[in-house]
Amino acid sequence: MSTKEKLYEGKAKILYPTDNPEILLTYFKDDATAFNALKRGQIRGKGEVNCTVSVALLSYLENKGIPTHLIEKISPLEMLVKAVQIIPVEVVVRNIAAGSLCKQTGLPEGQILPQPLVEFYLKNDDLGDPLLTYDRLMLLELVTDSQLTELKNLTLKINQLLQTFFLECDITLVDFKLEFGFDGEGKIILADEISPDTCRLWDNKISDPQARIMDKDRFRRDLGEVENAYQKVQERILAKIN
Ligand code: TMP
């Protein structure tokens, strides 16, 4: 862990400054929260898995032409990233109905969506990360109309690339959350992490709907075998890229 003073501590990661103001260090914790931190716990080995998986997926995307904040992994729990100004909007893309989409619309869990659904949520824990409409996004002036289109297009491209990637790991990418930021030149780049904390991943080798869950839903819903599920995701990804 860095000896420097923390810049920011989130629920699952800590950001440290480095000697270079354009570079930050992300440290991945084992801490897990759900339902806006109403539920708290630890998932043993999660920090290592999420660091490894995030680095693998961000570098895969970078190689496919998606600009990301990743610089390099420097230890099992740490990656160096470009300093960005995070856009306080969580971008969720869904291929299959699950989670809050089912709760809020009544769609049955597991229903395949006719096309990927992109949604924007305000990144604000005090307000419970509410779902935003287009007009609310414009009202809050967090992004311009053309930046919103760029975010949506980038997200759909990332979804296509990750769906293909996970399919080759025998995993269905149900949905996931992305965060973006502005780099030094004002360009939008992919930031944060992509991991079993931020994706819903279902094992294609298993048909039982609960047994096949390989992501943080095991923690959210007290399904057990959380650590094993995270390890399995990491193993499949490492087997594919090595
Ligand atoms: P949801 O169905 O709860 O809205 O979640 C959609 C996706 O976003 C799911 O893959 C989990 C991820 N997610 C986060 O990464 N962070 C969050 O705070 C929430 C609520 C969801």
Side-chain angles (χ1 to χ4, degrees), residues 8-13 26 28-41 43 46-47 49-51 53-54 57-58 61 68-69 86-113 116-133 136-137 151-152 154-156 158-163 165-166 169 171-181 190-203 209-210 212-223 226 229-230 233 237:
Y8 170 79
E9 178 156 8
K11 286 173 283 196
K13 300 188 293 299
T26 303
F28 288 81
K29 303 192 281 186
D30 282 354
D31 298 351
T33 63
F35 315 117
N36 203 12
L38 283 177
K39 182 182 170 102
R40 289 177 179 277
I43 301 173
K46 175 170 90 78
V49 170
N50 285 4
C51 185
V53 168
S54 290
L57 295 177
L58 289 170
L61 291 171
T68 80
H69 71 155
I86 287 283
I87 301 170
V89 170
E90 299 193 349
V91 187
V92 168
V93 58
R94 304 177 190 269
N95 300 305
I96 296 178
S100 69
L101 180 65
C102 298
K103 269 197 213 96
Q104 292 170 10
T105 65
L107 282 175
E109 184 172 86
Q111 181 159 316
I112 296 170
L113 305 181
L117 176 68
V118 180
E119 299 175 327
F120 301 92
Y121 293 82
L122 183 63
K123 188 174 155 62
N124 184 321
D125 285 341
D126 293 341
L127 299 176
D129 295 349
L131 178 64
L132 294 170
T133 60
R136 284 185 181 187
L137 274 155
L151 285 180
K152 188 167 175 180
L154 267 171
T155 298
L156 288 171
I158 292 166
N159 183 45
Q160 267 180 359
L161 291 166
L162 290 183
Q163 270 188 305
F165 181 96
F166 277 113
C169 301
I171 292 173
T172 295
L173 179 59
V174 175
D175 58 31
F176 58 99
K177 184 264 300 178
L178 298 174
E179 294 184 26
F180 295 87
L190 179 62
D192 198 47
E193 65 179 290
I194 310 176
S195 71
D197 270 12
T198 63
C199 301
R200 284 198 173 89
L201 304 168
W202 292 352
D203 191 342
Q210 285 204 350
R212 68 189 307 214
I213 294 171
M214 307 173 86
D215 56 73
K216 197 167 143 192
D217 269 352
R218 300 206 74 82
F219 170 78
R220 294 189 188 99
R221 293 160 60 178
D222 291 322
L223 298 177
V226 189
Y230 274 65
V233 171
I237 289 176

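Residues: numbered from 1 along the sequence shown. First listed ligand is number 1; within each ligand, the first listed atom is number 1. Only a predicted model underlies this, so the values are computations on that prediction, with no experimental measurement involved.
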- prompt: So is Arg220 polar-close to ligand 1, meaning N/O to N/O under 3.5 Å?
  reply: no

Atom 17 (C) of ligand 1 has as its nearest protein heavy atom Glu90 OE1, 4.1 Å

Check: of Glu119, Glu193, Gln104, Lys177, min heavy-atom distance to atom 15 (O) of ligand 1 comes from Lys177

May I have the step-by-step check of side chain to side chain contact (heavy atoms under 4.5 Å, CB included) for Leu201 and Val174, ending in yes or no? CA-CA 6 Å; Leu201 304 168; Val174 175; over 6 Å; no

Interatomic distance, CG@Leu107 vs CG@Leu113, rounded to 0.5 Å, equals 7.0 Å

Can you confirm whether Val92 sits close enough to Phe176 that some side-chain heavy atom of one is under 4.5 Å from a side-chain heavy atom of the other?
no

Within 4.0 Å of some non-hydrogen atom of Gly99, the atoms of ligand 1 are 2 (O)

Would you indicate whether the side-chain heavy atoms of Ile213 and Trp202 approach each other to under 4.5 Å? yes

Applying side chain to side chain contact (heavy atoms under 4.5 Å, CB included) to Asn50 and not counting sequence neighbours gives Phe28, Lys46, Glu193, Ser195, Pro196, Asp197, Tyr230

Looking only at protein heavy atoms, what sits closest to atom 5 (O) of ligand 1 is Arg200 NH1, 3.5 Å

Among non-hydrogen protein atoms, atom 7 (C) of ligand 1 lies closest to Asp175 OD1, 3.6 Å

Using protein heavy atoms only, decide if any is under 4.0 Å from atom 20 (C) of ligand 1. no

Phe176 heavy atoms within 4.0 Å reach ligand 1 at atoms 10 (O)

Enumerate, atom names and distances included, each donor-acceptor pair closer than 3.5 Å involving a side-chain atom of residues 95-103, sequence neighbours excluded.
{"unit_1": "Asn95", "atom_1": "OD1", "unit_2": "Asn159", "atom_2": "ND2", "d": "2.9"}
{"unit_1": "Asn95", "atom_1": "ND2", "unit_2": "Asn159", "atom_2": "OD1", "d": "2.9"}
{"unit_1": "Asn95", "atom_1": "ND2", "unit_2": "Leu173", "atom_2": "O", "d": "3.0"}
{"unit_1": "Ser100", "atom_1": "OG", "unit_2": "Arg94", "atom_2": "NH2", "d": "3.0"}

In this structure, atom 1 (P) of ligand 1 is nearest to the protein heavy atom Ser100 OG, 3.4 Å

message = In this structure, does ligand 1 have an atom that sits under 4.0 Å from one of the heavy atoms of Arg94?
response = yes

### Message
Any non-hydrogen side-chain atom of Glu179 less than 4.5 Å from a side-chain atom of Ile86?
### Response
yes

